Amino acid sequence: MNKRIAVVSGGIGGLGTEICLSLARAGRRVIALDLSAREERIAQFAALTDGFDIRFEAANVADYDDCGAAIERIVGEDGAIDILVNAAGITRDGSLRKMEKRAWDDVLSVNLDGVFNLCRHAIDGMAERGFGRIVNISSVNGQTGQFGQTNYSAAKAGMHGFTMALAREVARKGVTVNSVSPGYCETAMVMAIADDIRGKIIDSVPVGRLGKPSEIARTVEFLTAEDAGFITGANIPVNGGLFMSF
Ligand code: CAA
């Protein structure tokens with residue numbers, strides 16, 4: 001069998017990079033999709049992933065047509081897409097009373113529209129070929145709400161609604177759709193929180209530490225495996241016990 005083709009949005013980001021590495025180690029050909037503007041990060045990413053079957057492709061997930069063009073290029077160059085991981089995400093934190101409309105629009109268009117834009121362009125190919133694995137990287141803060149994150153929490157909760165609806169639509173086509181909801185991990189996004197606030201958050205995590213990006217990647221690899229076909233519409237929390245639910 002040819003290598004499975006995996007596309008990871010936000011592929012050069014904090015979680016995205018580890019997800020790319022983990023999928024490549026599992027024998028996938030990986031395409032990291034991210035903004036072309038992040039030149040320095042792209043160079044670091046190339047060095048980190050040297051020797052792995054991973055390449056970079058530029059696209060803005062917030063732009064529907066840009067996503068369509070990127071998917072078309074990937075299908076042409078690498079082959080049909082088997083695995084799509086939506087890991088592109090940004091924060092623009094601030095309490096609602098101070099939140100500019102721009103901070104709402106930016107977060108919703110990357111974190112939620114981005115999922116629609118890529119899935120919409122990738123889903124027909126998966127359904128027609130009778131195989132697909134889609135994983136949406138949501139967040140514990142979509143489950144609980146977080147102070148200063150009305151935009152982010154809404155987008156992340158919305159992602160899981162999308163996951164469940166699409167899972168039903170393509171379940172008979174061999175395509176699974178799941179969410180992973182990370183807690184606070186060792187990424188630049190979490191390091192951007194003020195030290196005192198971050199310290200209090202870590203104190204409240206039962207495991208007593210930040211998560212490692214590789215711990216999220218491990219879960220993504222599990223959900224995208226050949227034999228994971230009976231898990232769909234699920235949300236897998238990976239949060240050190242920060243939010244436990246039934
Ligand atoms: N709970 C309750 N009250 C809080 C609070 C909290 N967590 N944080 C601040 N307040 C209070 C403040 O003390 C202040 O009170 P007063 O008006 O009486 O002085 C009031 O609420 C307003 O606070 P600010 O003016 O400081 O609010 P702000 O709009 O500037 O926003 C903030 C503050 C930057 C959002 C800050 O609260 C913060 O950084 N919170 C954490 C946000 C967070 O966890 N982001 C996660 C980013 S990483 C990520 O998202 C990854 C993932 O998926 C897990």
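Predicted, not measured: the structure shown is a model, and the values here were computed from it. Each ligand, and each atom within it, is numbered from 1 in the order the structure gives. Excluded from the calculations below are hydrogen atoms, water molecules and symmetry mates; all remaining heavy atoms, backbone and side chain alike, are included.
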For Val190, the ligand 1 atoms whose distance to one of its heavy atoms is below 4.0 Å = 48 (S)

query = Heavy atoms of the protein only: does one fall short of 4.0 Å from atom 32 (C) of ligand 1?
reply = no

request  = Test the Arg41-Phe56 pair against the cation-pi criterion, namely NZ or CZ under 6.0 angstrom from the six-membered ring centroid and within 45° of the ring axis.
outcome  = no

message = Over 60° means perpendicular and under 30° means parallel, so tell me whether Phe116 and Tyr64 are parallel, tilted or perpendicular.
response = parallel

task = Answer yes if the side chains of Asp66 and Asn60 hold a donor-acceptor pair under 3.5 Å, and no otherwise.
result = no

request  = Have a look at Leu223 and tell me which of Val135, Thr232, Val85, Ile83 forms a side chain to side chain contact (heavy atoms under 4.5 Å, CB included) with it.
outcome  = Val135

key: Nearest non-hydrogen protein atom, atom 20 (C) of ligand 1   = Phe147 CZ, 4.0 Å

ask   = Going by heavy atoms, is Ala194 under 4.0 Å from ligand 1?
value = no

key: Within-cutoff protein neighbour (heavy atom, under 4.0 Å) for atom 29 (O) of ligand 1   = yes

request  = Please could you name the atoms of ligand 1 that Gly183 approaches to less than 4.0 Å, counting only its heavy atoms?
outcome  = 54 (C)

ask   = Where is the tightest heavy-atom contact between Lys156 and Ile137, given as atom of each residue plus distance?
value = NZ-O, 2.9 Å

query = Is there at least one protein heavy-atom neighbour under 4.0 Å from atom 12 (C) of ligand 1?
reply = no

query = Starting from atom 35 (C) of ligand 1, which protein heavy atom do you reach first, and at what distance in Å?
reply = Gly148 CA, 3.5 Å

request  = Assess whether atom CZ of Phe222 is packed by more than 12 heavy atoms of other residues, nucleotides or ligands within 6.0 Å.
outcome  = no

inquiry  = Once rounded to the nearest 0.5 Å, what's the spacing between atom CD1 of Ile236 and atom CD1 of Ile231?
reply    = 6.0 Å

ask   = Do any nitrogen or oxygen atoms of Tyr152 lie less than 3.5 angstrom from nitrogen or oxygen atoms of ligand 1?
value = yes

message = Is a donor from one side chain sitting under 3.5 angstrom from an acceptor on the other, for Thr163 and Ser179?
response = yes

note = Heavy atoms of Ile74 and Ile5 approach each other most closely as CG2-CG2, 4.4 Å

Element-labelled atoms of ligand 1 that are located less than 4.0 Å from some non-hydrogen atom of Ser95 = 27 (O), 28 (P), 29 (O), 31 (O)

task = Closest by any non-hydrogen atom to atom 25 (O) of ligand 1: pick that one out of Arg97, Lys98, Met189, Lys156.
result = Lys98

ask   = Looking only at N/O atoms, are Ser139 and ligand 1 under 3.5 Å apart anywhere?
value = yes

request  = Using side chain to side chain contact (heavy atoms under 4.5 Å, CB included) as the criterion, point out the one residue from Thr176, Ile134, Val177 that pairs with Val170.
outcome  = Val177

Closest approach of any protein heavy atom to atom 39 (O) of ligand 1, naming residue and atom = Ile197 CD1, 3.6 Å

task = For atom 42 (C) of ligand 1, grab the closest protein heavy atom and report residue, atom and distance to one decimal in Å.
result = Asp93 OD2, 3.4 Å

inquiry  = Under a 3.5 Å threshold, yes or no: a donor from one side chain and an acceptor from the other, between Asn141 and Ser153?
reply    = no

key: Protein non-hydrogen atom found under 4.0 Å from atom 15 (O) of ligand 1   = no

note = For Asn141, the ligand 1 atoms with a heavy-atom partner under 4.0 Å come out as 50 (O), 54 (C)

key: Heavy-atom closest contact (Leu35 atom, Ile42 atom, distance)   = O-CD1, 3.8 Å

message = Strictly less than 4.0 Å: does any protein heavy-atom distance to atom 54 (C) of ligand 1 fall in that range?
response = yes

key: atom 46 (C) of ligand 1: the protein heavy-atom neighbour that sits closest, reported with distance to 0.1 Å   = Gln149 NE2, 3.3 Å

ask   = What protein heavy atom is closest to atom 44 (O) of ligand 1, reported as residue, atom name and distance in Å?
value = Tyr184 OH, 2.7 Å

inquiry  = So which atom in His160 and which in Asn235 form the shortest heavy-atom distance, rounded to 0.1 Å?
reply    = CE1-CB, 3.4 Å

query = Can you list the ligand 1 atoms lying under 4.0 Å from a non-hydrogen atom of Thr91?
reply = 50 (O)

Ligand 1-proximal atoms of Ile201, by part, heavy-atom distance under 4.0 Å = side chain

